[in-house]
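Below is one structure; the comments refer to it alone.
Lettering follows sequence order; numbering is per chain, from 1.
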2 protein chains.
Amino acid sequence: MNNLADKLRQSGHRLTPQRELILQAVDKLGHATPDEVLTEVREHSQAVNISTVYRTLEVLEQLGLVKHAHLSDRAPTYHSVAGHEHFHLVCRKCERVISVEDHEASAFAKLLREHHGFVADIGHLTVHGECAEHEE
Amino acid sequence: MNNLADKLRQSGHRLTPQRELILQAVDKLGHATPDEVLTEVREHSQAVNISTVYRTLEVLEQLGLVKHAHLSDRAPTYHSVAGHEHFHLVCRKCERVISVEDHEASAFAKLLREHHGFVADIGHLTVHGECAEHEE
DNA sequence: TTCCATGCAAACACTTTGCACCGTG
DNA sequence: CACGGTGCAAAGTGTTTGCATGGAA
């Protein structure tokens, strides 16, 4: 089955080569800014415009195929949602990014739901701090 | 005692009227973008430049007097660190911001430290999701 | 053949920087 | 009176938008 084509059509969108390429690039790169996605796409094919990248990432996120997180103070990064959700730890000292299974945040999410009626989007969560090699 | 003046001098900085005004504005506003800080400062005094706001917020953050968090996908917001640390819950539907005492994240922080050797900066943490009135 | 999608260029939002002048310490 | 701080203007980075053209269904 073609997940992308199906999801696009079900929501009244169209399947285009650009959209396939951009989703492939996100899959391959792991965590990438829109600009990095553009660079990756141009390795294989050429001729994709940066505004198409922005517009496509927005559509893919609506469809639940990718998510974005804010790993730095700069541009957001996109990653594919390949079944298992995860969140991120980012070291301020070395910029290292650690991906953590969502279940490690489930107790925290439960607490927020019970105390504040708040349903957390764990897949969007980024925790900044310092990794083992760099703590004070 | 004058906390600002002391901290500035101890770190080789100077006390200026702009720095006092900007810190007061952050205190008063709660959570504010650099631009909102500028607007607030200009209510009282005039003549502070946006680049001074950026430079000052950076200094104040180094001194531990303010912190920034990313409450939206847009500009960061600054809040004063008035003794007690807190983190934020942001509702995607209504933009509401809920401030939560840091101790509610202490079990989560402990888990991250034990499993990943990662020391989380809870005061910088922002959790996105949906508040009680807007969950699905 | 109908609309949605794309490319392009311009505009926009936010932030940083170089430099001359100002004012704290 | 030295040196860090400020204002101003310009440039840098990241993102969005209007519009004409292109192509999927």
### Task
Before giving the answer on salt bridge (Lys or Arg N to Asp or Glu O under 4.0 Å), spell out for A/E133 and A/R96 the whole-Å C-alpha distance, their side-chain angles and the decisive distance to 0.1 Å.
CA-CA 10 Å; A/E133 276 92 276; A/R96 175 187 311 199; 2.9 Å; yes

### Test item: B/R42 side-chain N/O and B/V48 main-chain N/O as donor-acceptor pair under 3.5 Å
yes

### Query
Would you say the side-chain atoms of B/D35 and B/T33 include a donor-acceptor pair closer than 3.5 Å?
no

### Task
Under the side-chain hydrogen bond (donor to acceptor under 3.5 Å, both in side chains) rule, collect the residues that match up with B/D102, sequence neighbours excluded.
none

### Query
Who passes side-chain hydrogen bond (donor to acceptor under 3.5 Å, both in side chains) against A/H86, sequence neighbours left out?
A/H88

### Task
Tell me, please, the opening and closing nucleotides of DNA chain C, 5' to 3', among those with an atom under 4.0 angstrom from a non-hydrogen atom of chain B.
C/dA13 to C/dG25

### Summary
Rounding to 0.5 Å, atoms CG (B/L89) and CD (B/E104) come to a distance of 8.5 Å

### Query
Looking at CG of A/L71 and SG of A/C91, how far apart are the two atoms once the value is rounded to the nearest 0.5 Å?
13.0 Å

Which pairs of donor and acceptor atoms, one on a side chain in residues 54-67 of chain B, lie under 3.5 Å apart (sequence neighbours left out)?
unit_1: B/T56; atom_1: OG1; unit_2: B/T52; atom_2: O; d: 2.7
unit_1: B/E61; atom_1: OE1; unit_2: B/H68; atom_2: ND1; d: 3.1
unit_1: B/E61; atom_1: OE2; unit_2: B/H68; atom_2: N; d: 3.0
unit_1: B/E61; atom_1: OE2; unit_2: B/H68; atom_2: ND1; d: 2.9
unit_1: B/K67; atom_1: NZ; unit_2: B/D121; atom_2: OD1; d: 2.5
unit_1: B/K67; atom_1: NZ; unit_2: B/D121; atom_2: OD2; d: 3.1

### Task
On the 0 to 90° scale, with breaks at 30° and 60°, tag the B/H124-B/H70 ring pair as parallel, tilted or perpendicular.
perpendicular

#### Entry: Closest approach of B/P34 to B/I50 (non-hydrogen atoms, all atoms of both residues)
O-CD1, 4.2 Å

### Message
Checking A/F108 now: which residues fulfil ring-ring contact (aromatic ring centres under 6.0 Å, His included) with it, not counting sequence neighbours?
### Response
B/F87, B/F108

#### Entry: Heavy-atom protein contacts under 4.0 Å, nucleotides 18-25 of chain D, coded B base, S sugar-phosphate only, - none
B----BBS

### Query
With A/H103, which residues qualify under side chain to side chain contact (heavy atoms under 4.5 Å, CB included), at least two apart?
A/E101

#### Entry: Any residue of residues 29-43 of chain A with a heavy atom less than 4.0 Å from an atom of DNA chain D
A/P34

### Task
List in numerical order all residues of residues 59-80 of chain B for which some heavy atom is under 4.0 Å away from an atom belonging to DNA chain D.
B/R74

### Task
Report yes if some heavy atom in the side chain of A/H31 is under 4.5 Å from a heavy atom in the side chain of A/E36; otherwise report no.
no

### Query
What's the CD-P distance between B/E20 and D/dG5, to the nearest Å?
14 Å

### Query
What is the distance from CD of B/E58 to C1' of D/dT6, rounded to the nearest Å?
15 Å

### Task
Compute the bend angle of the helix from C/dT1-D/dA25 to C/dG25-D/dC1 from the end axes (five pairs per end), rounded to 10°.
40°

Show me the donor-acceptor pairs, under 3.5 Å and distance only, between side chains in residues 16-24 of chain B and residues at least two apart or in other chains.
unit_1: B/T16; atom_1: OG1; unit_2: B/R19; atom_2: N; d: 3.2
unit_1: B/R19; atom_1: NH1; unit_2: B/R14; atom_2: O; d: 2.7

### Message
According to salt bridge (Lys or Arg N to Asp or Glu O under 4.0 Å), who are the partners of A/E40, at least two apart in sequence or on a separate chain?
### Response
A/K28

### Query
Taking only side-chain nitrogens and oxygens of A/Y54, does any of them come within less than 4.0 Å of OP1 or OP2 of D/dT16?
no

